[in-house]
Amino acid sequence: MRNYYPQYSELPPNVYRQVELILEDYSRLQAMRSELLLTAPQKAEREDGESGNPTAQWAIKIAYVECRLRAIEQAQAIVKETLICMVEEDFSPIKGFFHYGYFNAKHLRTPKNENGPSSRTWRRYRYCFASLVAKKLNYF
């Protein structure tokens, strides 16, 4: 499906794309965090024979991964809190970001609107969720 970008928005298109890629990478980031936390930093030798600082490199990787995961999890909590009366309890904001069918299926139906939200509503949700994550990452 094509990615439509709102014409009048405060979020630049390149930032939107970066956030979209970070969200696609969410499961890999979670696996990387658990792997980094379970493994101790190894002393690595460089080509010139001197040893580097593996603890500092390990800490930088942990900080990088934690920053992104924290931003995504905070945005998920805000979205779940906002949509609490409109979606089912097991709604996953990230899955809803990527799949319109899932987004539509998890919305509660009303007698007035038995079809659920339109694709336009879904695109607006995608933009709002991406801007929330971007703000949590201090991208703008």
Side-chain angles (χ1 to χ4, degrees):
M1 176 173 239
R2 294 174 69 179
N3 286 331
Y4 292 97
Y5 181 76
Q7 185 176 5
Y8 303 103
S9 64
E10 61 183 32
L11 189 65
N14 59 344
V15 173
Y16 178 81
R17 184 67 181 137
Q18 286 177 15
V19 170
E20 188 177 37
L21 292 173
I22 289 170
L23 290 172
E24 283 179 12
D25 223 15
Y26 181 67
S27 60
R28 188 189 66 82
L29 287 171
Q30 285 181 319
M32 182 186 253
R33 175 178 55 184
S34 62
E35 179 184 318
L36 285 171
L37 291 175
L38 293 176
T39 60
Q42 302 290 326
K43 190 161 188 159
E45 294 215 8
R46 298 188 302 201
E47 292 175 7
D48 57 2
E50 295 181 25
S51 62
N53 190 351
T55 306
Q57 293 170 354
W58 180 78
I60 289 170
K61 284 181 186 177
I62 287 277
Y64 174 82
V65 170
E66 281 294 325
C67 173
R68 276 150 182 71
L69 288 175
R70 192 176 325 112
I72 293 170
E73 288 163 1
Q74 287 174 354
Q76 279 184 330
I78 291 171
V79 165
K80 279 187 176 183
E81 193 176 296
T82 306
L83 298 176
I84 197 162
C85 62
M86 293 186 270
V87 295
E88 295 176 7
E89 289 180 22
D90 60 341
F91 177 72
S92 169
I94 292 178
K95 212 171 183 183
F97 181 85
F98 289 109
H99 305 289
Y100 170 66
Y102 177 83
F103 181 77
N104 191 348
K106 290 296 180 178
H107 266 72
L108 300 174
R109 305 293 190 240
T110 61
K112 254 176 36 179
N113 185 9
E114 293 180 8
N115 296 331
S118 66
S119 60
R120 186 175 171 188
T121 305
W122 176 62
R123 279 192 231 102
R124 193 172 339 128
Y125 163 77
R126 283 176 55 99
Y127 171 74
C128 290
F129 188 63
S131 66
L132 261 173
V133 173
K135 285 178 184 173
K136 295 294 180 187
L137 287 171
N138 293 326
Y139 279 179
F140 75 101

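Annotation: side chain of R33 is in contact with side chain of E66 (closest heavy-atom distance under 4.5 Å). When side chains are defined from C-beta on, V87 does not count as touching K80, because their heavy atoms never get closer than 4.5 Å. Taking 4.5 Å as the limit, some side-chain heavy atom of Y139 sits within range of a side-chain heavy atom of I22.
Between the side chains of E20 and Y16, no donor N or O sits under 3.5 Å from an acceptor N or O.
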**Request:** May I have the step-by-step check of side-chain contact (heavy atoms from CB on, under 4.5 Å) for E24 and F97, ending in yes or no?
**Result:** CA-CA 10 Å; E24 283 179 12; F97 181 85; over 6 Å; no
**F129 and Q76: CA distance, side-chain angles, deciding distance, side-chain contact (heavy atoms from CB on, under 4.5 Å) verdict** = CA-CA 8 Å; F129 188 63; Q76 279 184 330; 4.0 Å; yes
**Request:** Check the pair L37, I62 against side-chain contact (heavy atoms from CB on, under 4.5 Å), reporting the backbone distance first and the verdict last.
**Result:** CA-CA 8 Å; L37 291 175; I62 287 277; 3.8 Å; yes
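Summarising the geometry, atom CZ belonging to R126 is positioned 14.0 Å from atom OG1 belonging to T121; distances are rounded to the nearest 0.5 Å. With rounding to the nearest 0.5 angstrom, the CZ atom of R124 is 7.0 Å from the OG atom of S118. Between the CD1 atom in I94 and the NE2 atom in H99 there is a gap of 11.0 Å [rounded to 0.5 Å].
If you chain together hydrophobic residues whose side chains sit under 4.5 Å apart, Y127 and M86 fall into the same group.
Other residues, nucleotides and ligands contribute over 12 non-hydrogen atoms within 6.0 Å of the CZ atom of F98. More than 12 heavy atoms of other residues, nucleotides or ligands shown are found within 6.0 angstrom of CG on L21. Within 6.0 Å of atom CD in E88, more than 12 heavy atoms from other residues, nucleotides or ligands are found, so the atom counts as buried in its surroundings.
Applying the ring pair (Phe, Tyr, Trp, His ring centres under 6.0 Å) rule to pairs touching residues 65-91 yields F91-Y102, sequence neighbours excluded.
Below 30°, between 30° and 60°, or above 60°: for Y100 and F103 the angle between ring planes is between 30° and 60°, a tilted geometry.
Listed here is the closest heavy atom pair of V19 and A134: CG2-CB, 3.8 Å. Of all heavy-atom pairs between T39 and W58, the closest is O-NE1, 3.4 Å. Contact record, L29 with V65: O-CG1, 3.5 Å, taken as the closest heavy-atom pair.
Partner of I78 under the side chain to side chain contact (heavy atoms under 4.5 Å, CB included) criterion, out of V133, L132, L83: L132 alone.
In this structure, W122 contributes its side chain and P117 its backbone to no donor-acceptor pair below 3.5 Å. A distance-only check finds a donor-acceptor pair linking the side chain of R109 to the backbone of H107 [under 3.5 Å].
The pair K135-E10 meets the salt-bridge criterion, with a side-chain N (NZ, NE, NH1 or NH2) lying under 4.0 Å from an Asp/Glu carboxylate O.
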